[in-house]
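Below is one structure; the comments refer to it alone.
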Protein chains: 2
Amino acid sequence: MDFKVRIFDGFWNRYRRLVKQTMIPYQWDVLNDRADISIERERNDASIPNEKSHAMENFRIAAGRAQGKHYGWVFQDSDVYKWLEAVSYSLCYEWDDELKETADSVFDLISEAQEEDGYLNTYFSIMNPSGKYRRLVESHELYCAGHFIEAAAAYHQATGSSKALGTAIKLADHICRTFGTGEGQIRGVDGHEEIEIGLMRLYHLTGKREYMDKAAFFLKERGKDPGFFERQIREDGGDPVLTGLLSFPLKYFQVHRPVTEQDTAEGHAVRLVYMSTALADLAATSGDEALAETCRKIWSNIAGRRMYITGGIGSTVTGEAFTLDYDLPNDTMYCETCASIGLMFFARQMLRIESKAEYADVMERALYNTVIAGMALDGRHFFYVNPLEAVPGKSLNDPGKSHVKAVRPQWLGCACCPPNLARLIASLDRYIYTVKDDEVLVNLFIGSELKIEDGRRSLSIRQDSDYPKNPVITFDVENRAEPVAVKIRIPSWTDRYTLSVDGKETEADAEYGYVRADVSAGKHTISFELEIIPKRWYSNPKVSENIGKTAVTYGPFVYCAEGVDNGEDLHLLELPAHSFLDLKWDDELLGGVGVIEAEGIRLQEAEEDDGLYLSEGPRKAPRKIKLIPYYAWANRGVNEMRVWINEA
Amino acid sequence: MDFKVRIFDGFWNRYRRLVKQTMIPYQWDVLNDRADISIERERNDASIPNEKSHAMENFRIAAGRAQGKHYGWVFQDSDVYKWLEAVSYSLCYEWDDELKETADSVFDLISEAQEEDGYLNTYFSIMNPSGKYRRLVESHELYCAGHFIEAAAAYHQATGSSKALGTAIKLADHICRTFGTGEGQIRGVDGHEEIEIGLMRLYHLTGKREYMDKAAFFLKERGKDPGFFERQIREDGGDPVLTGLLSFPLKYFQVHRPVTEQDTAEGHAVRLVYMSTALADLAATSGDEALAETCRKIWSNIAGRRMYITGGIGSTVTGEAFTLDYDLPNDTMYCETCASIGLMFFARQMLRIESKAEYADVMERALYNTVIAGMALDGRHFFYVNPLEAVPGKSLNDPGKSHVKAVRPQWLGCACCPPNLARLIASLDRYIYTVKDDEVLVNLFIGSELKIEDGRRSLSIRQDSDYPKNPVITFDVENRAEPVAVKIRIPSWTDRYTLSVDGKETEADAEYGYVRADVSAGKHTISFELEIIPKRWYSNPKVSENIGKTAVTYGPFVYCAEGVDNGEDLHLLELPAHSFLDLKWDDELLGGVGVIEAEGIRLQEAEEDDGLYLSEGPRKAPRKIKLIPYYAWANRGVNEMRVWINEA
């Protein structure tokens, strides 16, 4: 299916310019260890390497251009791959000869670092050549390979580079030869899913069936032989390349049972959504209904029971993992930026399986909240963990909250999130629409132009939007061929909308959360108007942490209170249920945000020597409450933040 | 000062009989690995030894009576010592020839395991003879020694055994020779305080000044040389005897700064209260006002900012430690049984420094709640961690709550708590009164008889009490010598009381929380009547976890809701502020408890497919709420528990 999307949305173009002009050069400096920054450990764990990135130097050493040892995580290569993928996407919306030249040189270097047989991994090439593929539970070799294949495919699509694609195919073919159920092949999987995404992508690009089959092998082998990891480590007998990983339970790796028998989201959150992304891709591509059903079960477990209102996932730092249904603590959770990015990947593939707006709803929830909260407005500071409640003193002095940082570090010991965020934003055009044989889904309200040219269709849709600031979204459709169904998502947070086609209001029923406009040949204007007002939300009562609390949203944005606006000790605030939520746009504040103010209450502190336990509850006093969008928090120095606010 | 206390209180005699008849024989079987029990790890940590106790076998091996290796923690010896100490106290209230014979044989064995020079520690004697005193940060050698000295002193006091005392003196003298500031002496301290308590006790028993001086050395050396631990480990170069300990921050060991500069309660909670106990003992004994002032600062930091309403301390599992002021999470805390026992030790010594009821208030709070909650009513199951909120599913599936057990295990990998509880209950007579030169403090309302016979005084006080069931406590005083001041504690939870002496109401003012009766020679009856009613409590608003919540007490007992009485999902309960708290005694339930019932509310659950985030808060329905005393929870199978209940 051939279609192109160009974004010209004000809000998102700022982010995409930030990727191109700031994040990509900044991250390039970091990967080359020439940025003057301090690298923070993502939590109190002395084993986290944080002296430098060394990621590019690892490739130089593996390629024989430099001498030395590998430094960093065993998966450090993936930082470079994700950077390359971001570069590739950025070239599609802002060409840059110099950047292309740099990227070419990196692909050249990687190709030099690749071994004769196609194997590619700087850690094992440099440090442990005899240990290749022998410690898959911890080695991340296939994980890194998947990221390289994604980067090379994206680069090939952006620039036509045959060097990048050639290296990827050589690597993929090596993996296809090495793994499988045949004689002499390794019948096992990587501890961290990603190769499956890469192979599916290479299949979509090349049409070579073997890549999809091998992705299916890795997916379906998962959990069939739960003892594989331990057995392999025992047989290898060498030193760990990532200490402690084997002590995690099997579900950490999603190998506790065969994939098709997994019906809840378990284990390491990023691994789970990466696995699910590939599974949904395979299901959509192959039409395998059993796989699709597995995807639906995992999806509904996440979206219905294990997802924060911000689209964050992963309720515990231990294993960066899911815990149990309705367990959503606000101050100890993980909510890794990468996990919400992966949730968007998963949603995008689910939309290929079926045209249900619930997937796009979650995609939007993750995107507008946790995903972009992962980065400071300057594009040079990043969160790994995205809390719903942060108290700087507790992060410093309660070891159980050492991972909950109150300001974004310049870089992280495990730097998975920053380049992941760069590639997500740079490829945002891939999420706005889902183009199917028989319909076009409008998932996100982002000013953009979609052009479809295939044998049957010749169509352009120009979406004009200042969403969510302006409730009216206009679609100018030029259809040069047969009639087309355009289905526009009705966000789950409203049931008030009007749809007009060529000035005439239609009363189309919603189909799984999309309202449908059938567009005949010619030029047409679709106008979609939503009721967008500040709203209060309550958690399902099963979520014990949020009883008596309310969260405020405006359109896709979840709001939060910060100490800088409301004074510290945000737990003393009360937002009465009847209090009017007054939204005003402030174009100067935090790059331009809608600020919500309300008459609230602040509980009064006890006297100094009143002691710890009192026979009366606190007195109350009126206090204006000011809320800002969650994504923009922690851009004004160290201070408290809270999403779920006590209701009076 | 010569005084004796005999307890005949109904409530406490049940516990003391349980110690003598159940705990002591049960624990003896466990220590000898002949109990048919399962030993649980106290949290998800594969390094915790839980195959067996092996504590007695370690001594047999060290004594040369058996062959084999040491098993268990490096401090496994202390389980035996604390058991011996409990035995000693039990013999004072219930003599038992057979038990005495057993204990004699254990002291014989220990004396055989002791080395020629006085050194005593089975781990190092068996496993690492050249490593003695070379890894003090982790070795617990002096910790174990302190426990042995305590046990031997108690045994000597109970039985007159010179064998026990002789072994202790030989050990203490060895330590006195080995440690100090002199030429060739080790100038350093143990990672876990306890030797200081033991040496002070030996000083009180023998009057030998050197022991107090050495206790003072260990206390005052603490934190003076923060690099000592790391340097010693580096110099030794051997393998760890307790992995990971050195990675904890200095404050974990209370060596982050000199002791007299410590003004907050930091680090491992048990270590901190053991240190403070010895410090207060030294201050009270020596009259050192600077040390007393340090004790007051640490005390008020605990009692005013870092103590749970149940008398639990230690807000985090990581390092079983204090965190920061007002940080009192109810579901991830530690609140180790041993820590609250240690808090009682500390309080008892503070009462020697000054006659302020605040110390006895905390002593009572810890005793009636966390301390006895540490044991099931059957005397054979024990908590290490005493949560204020337990949800069995979360304990199972949230790794951050793996330490929060919903039922008491039969034994624990680290078995510090069960014998500590045995020795505390068996020595409870030591806590009821503080006998000073010029006054007698009545700290606890426990039916008992105090007899004082010294040169100056000849006095008996018989306290008749069915506290807190009956609000009247009667003291029959027979004073055969000069007038005596008897000061009775006014519990901090009431300001309504009446004091009558010989039938005549007095209007004595309270002095630091004690009301004073001056008793002349002859027989007198003091009647003390308290207002004891169910009461609601609120946390200081600085405690973010308890905003909008209330806790209920009756007298010294904190109450809690259990799932078995109220249905699961206790977070759905609301106890309105105006609702009458109706107390009724149920002599059949849980060994006899006062049950509190109130008209409450239960939030209604959402419909199955309502989703995770809702635009309306939950509906409410009336629901009777039933509360039981906290100490008695988890005696009716796996179910939820909650102390702080939402207020409507």
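Computed from heavy atoms alone, side chains included, the values below leave out hydrogens, waters and symmetry copies. The model shown is predicted, which means the values in this text are computed figures rather than measured ones. Proteins get letters first, then strands, A, B, ... in listed order; numbering begins at 1 in each.
- Interface summary for chain A: among Lys401(B), Lys542(B), Arg306(B), Arg536(B), the most heavy-atom pairs under 4.5 angstrom belong to Lys542(B).
- Taking OH of Tyr613(B) as the start and CD1 of Ile309(A) as the end, the distance is 6.0 Å to the nearest 0.5 Å.
- Of all the listed residues (Pro249(B), Pro399(B), Ala321(B)), the one sharing the greatest number of non-hydrogen pairs under 4.5 Å with chain A is Pro399(B).
- Of the two parts of Glu647(A), neither the backbone nor the side chain holds a non-hydrogen atom closer than 4.5 Å to a non-hydrogen atom of chain B.
- Contact of Ser315(A) with chain B is not made at all, since no heavy-atom distance falls under 4.5 Å.
- Between atom OG of residue Ser544(A) and atom CD of residue Glu640(B) there is a gap of 8.5 Å, rounded to the nearest 0.5 Å.
- Separating the OG atom in Ser615(B) from the NZ atom in Lys535(A) is a distance of 5.0 Å, to the nearest 0.5 Å.
- Heavy atoms closer than 4.5 Å to chain A are found nowhere in Thr332(B), neither backbone nor side chain.
- In this structure, chain B has a heavy atom under 4.5 Å from the side chain of Leu328(A), while its backbone stays farther away.
- A distance of 9.5 Å separates OG1 in Thr264(A) from CG in Asn397(B), rounded to the nearest 0.5 Å.
- Contact of Ala606(B) with chain A is made through backbone and side chain together, with heavy-atom distances under 4.5 Å.
- Counting heavy-atom pairs under 4.5 Å between each of Asn540(A), Leu612(A), Val543(A) and chain B puts Leu612(A) at the top.
- The shortest distance between side-chain heavy atoms of Thr318(A) and Ser402(B) does not fall below 4.5 Å.
- Looking at Ser539(B), the atoms closer than 4.5 Å to chain A (heavy atoms on both sides) sit in the backbone and in the side chain alike.
- Counting non-hydrogen atoms of neighbouring residues, nucleotides and ligands closer than 6.0 angstrom, the CD atom of Glu616(A) reaches no more than 12 such neighbours.
- Both the backbone and the side chain of Asp398(A) come within contact range of chain B, judged by heavy atoms closer than 4.5 Å.
- Heavy-atom distances place no part of Lys549(B) under 4.5 Å from chain A, backbone and side chain included.
- In this structure, chain A has no heavy atom under 4.5 Å from any part of Leu570(B).
- In Glu531(B), the CD atom is crowded: over 12 heavy atoms of neighbouring residues, nucleotides or ligands sit closer than 6.0 Å.
- Ranked by non-hydrogen atom pairs under 4.5 Å with chain A, the options Leu396(B), Asp610(B), Thr323(B) are led by Thr323(B).
- Only the backbone of Ala303(B) comes within contact range of chain A, with at least one heavy atom under 4.5 Å from a heavy atom of that chain.
- Contacts between Leu572(B) and chain A at a heavy-atom distance below 4.5 Å involve the side chain alone, from C-beta outward.
- Proximity to chain A involves both the backbone and the side chain of Arg305(B), based on heavy atoms less than 4.5 angstrom apart.
- One distance of note links OH of Tyr538(A) with CG of Leu603(B); it measures 12.5 Å at 0.5 Å rounding.
- Looking at Lys394(A) and Glu545(B), a side-chain N of the basic residue comes within less than 4.0 Å of a carboxylate O on the acidic one, giving a salt bridge.
- With chain A as partner, the option from His571(B), Glu605(B), Glu574(B) having the largest number of non-hydrogen pairs under 4.5 angstrom is His571(B).
- Only the side chain of Thr316(A) comes within contact range of chain B, judged by heavy atoms closer than 4.5 Å.
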